[in-house]
Amino acid sequence: MPNTPIQPEVALKRLSATCARREICEQDAIKKLRLWQIPEEEQAKIMAQLIRYGFIDNERYARAYVEDKMKYNRWGRRKVEMMLRTKGIDDDIISAAIEEFADEESTEDTLRQLLQEKLRSLRNETDKFKKKQKLLRFAISRGFEYGDIIDIVEDLL
């Protein structure tokens, strides 16, 4: 089935069904259309229809993505921003979505919980400097900001 061209009408129905089940952004939809070998002019028509009827909305996608990744995956602001940029979402939309969901208190609580869990997994590490470095690298890889991380790491150690 992969890489076999399909009719534009079928592509529209498939994408509509996908969008009804979950949020997708414009870039993901275009990737699907290219995979299905839909001609460029048909892609534009399909995308226009999906956007006009509210199946695809980058702002709604960004809000859902931010909430999901920050709440359930416990990612920090920087990682969420970076991933949304790779999806082709505008910076204004990203900023608005993050500001809507993320507050300083919940971000700090999440970071503290993550670092406490990580610290427990490092109980065999006796060198305080190595422990600190591992905690810092872990939190940075999760997308948290250095200034927030260092305060909590110092507090925990």
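All values below come from the heavy atoms of this structure, side chains included, with hydrogens, waters and symmetry mates left out.
Both Tyr53 and Ile30 are assigned to one and the same hydrophobic cluster, defined by single-linkage of ILVMFWY side chains at heavy-atom distances under 4.5 Å. No chain of hydrophobic side-chain contacts below 4.5 Å, direct or via other Ile, Leu, Val, Met, Phe, Trp or Tyr residues, connects Met47 to Ile93. In the hydrophobic clustering of ILVMFWY residues, with side-chain heavy atoms under 4.5 Å counting as a link, Ile94 and Val80 come out together.
For Lys32, the NZ atom is loosely surrounded, since the number of other residues' heavy atoms within 6.0 Å does not exceed 12. The number of heavy atoms from other shown groups lying within 6.0 Å of CZ (Arg52) is above 12. Around the CD atom of Gln133, the shell of radius 6.0 Å holds more than 12 heavy atoms that belong to other residues, nucleotides or ligands.
Hydrophobic cluster membership for Leu119: Leu111, Leu114, Leu115, Leu122, Leu135, Leu136, Phe138, Ile140, Phe144, Tyr146, Ile149, Ile150, Ile152, Val153, Leu156, Leu157 (Ile, Leu, Val, Met, Phe, Trp, Tyr linked by side-chain heavy atoms under 4.5 Å, directly or transitively).
To the nearest 0.5 Å, atoms CZ (Arg142) and OG1 (Thr110) are separated by 10.0 Å. If you take CD1 on Ile6 and NZ on Lys13, they are separated by 11.5 Å, rounding to the nearest 0.5 Å. We find the CD-OG1 distance between Gln27 and Thr86 to be 7.0 Å, quoted to the nearest 0.5 Å. The CD1 atom of Ile98 lies 6.5 Å from the CG atom of Leu84; values are rounded to the nearest 0.5 Å. Considering CZ of Arg78 and CD of Glu81, their distance stands at 4.5 Å, rounded to 0.5 Å. Distance check: Leu12 CG to Cys19 SG gives 9.5 Å after rounding to the nearest 0.5 Å.
Checked by atom type and distance alone, the side chain of Arg63 never pairs as donor or acceptor with a backbone atom of Phe101 at under 3.5 Å. The closest donor-acceptor contact from the side chain of Asn58 to the backbone of Glu26 lies under 3.5 Å. With hydrogens and angles ignored, the 3.5 Å screen pairs no side-chain donor or acceptor of Asp90 with any backbone N or O of Asp92.
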Let me see the working for Ser121 and Lys118 under side chain to side chain contact (heavy atoms under 4.5 Å, CB included), right down to the final yes or no.
CA-CA 5 Å; Ser121 75; Lys118 183 65 176 175; 3.7 Å; yes
| field | Ile89 vs Cys25, side chain to side chain contact (heavy atoms under 4.5 Å, CB included): CA-CA, chis, key distance, verdict | value | CA-CA 8 Å; Ile89 308 294; Cys25 63; 4.0 Å; yes
Margin query: Checking Trp36 against Val10 for the side chain to side chain contact (heavy atoms under 4.5 Å, CB included) test, could you report, in this order, the C-alpha distance in whole Å, the side-chain angles of both residues, the deciding distance, and whether it holds?
Written below: CA-CA 10 Å; Trp36 295 334; Val10 175; over 6 Å; no
Original post:
Could you go step by step and tell me if Phe55 and Gln49 meet the side chain to side chain contact (heavy atoms under 4.5 Å, CB included) rule?
Top reply: CA-CA 8 Å; Phe55 283 104; Gln49 275 189 300; over 6 Å; no
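Across every non-hydrogen atom of Ala29 and Leu15, the tightest pair is O-CD1, 4.1 Å.
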Taking distance alone, no hydrogens or angles, what donor-acceptor pairs closer than 3.5 Å link side-chain atoms of residues 39-46 to residues at least two apart or in another chain?
residue : atom : partner : partner atom : Å
Gln43   : NE2  : Ile38   : O            : 2.8

Donor-acceptor list for residues 64-77 side chains, cut-off 3.5 Å, not counting sequence neighbours:
residue : atom : partner : partner atom : Å
Arg74   : NH1  : Glu117  : OE2          : 3.3
Arg74   : NH2  : Glu117  : OE1          : 2.9
Arg77   : NH2  : Glu99   : OE2          : 2.2

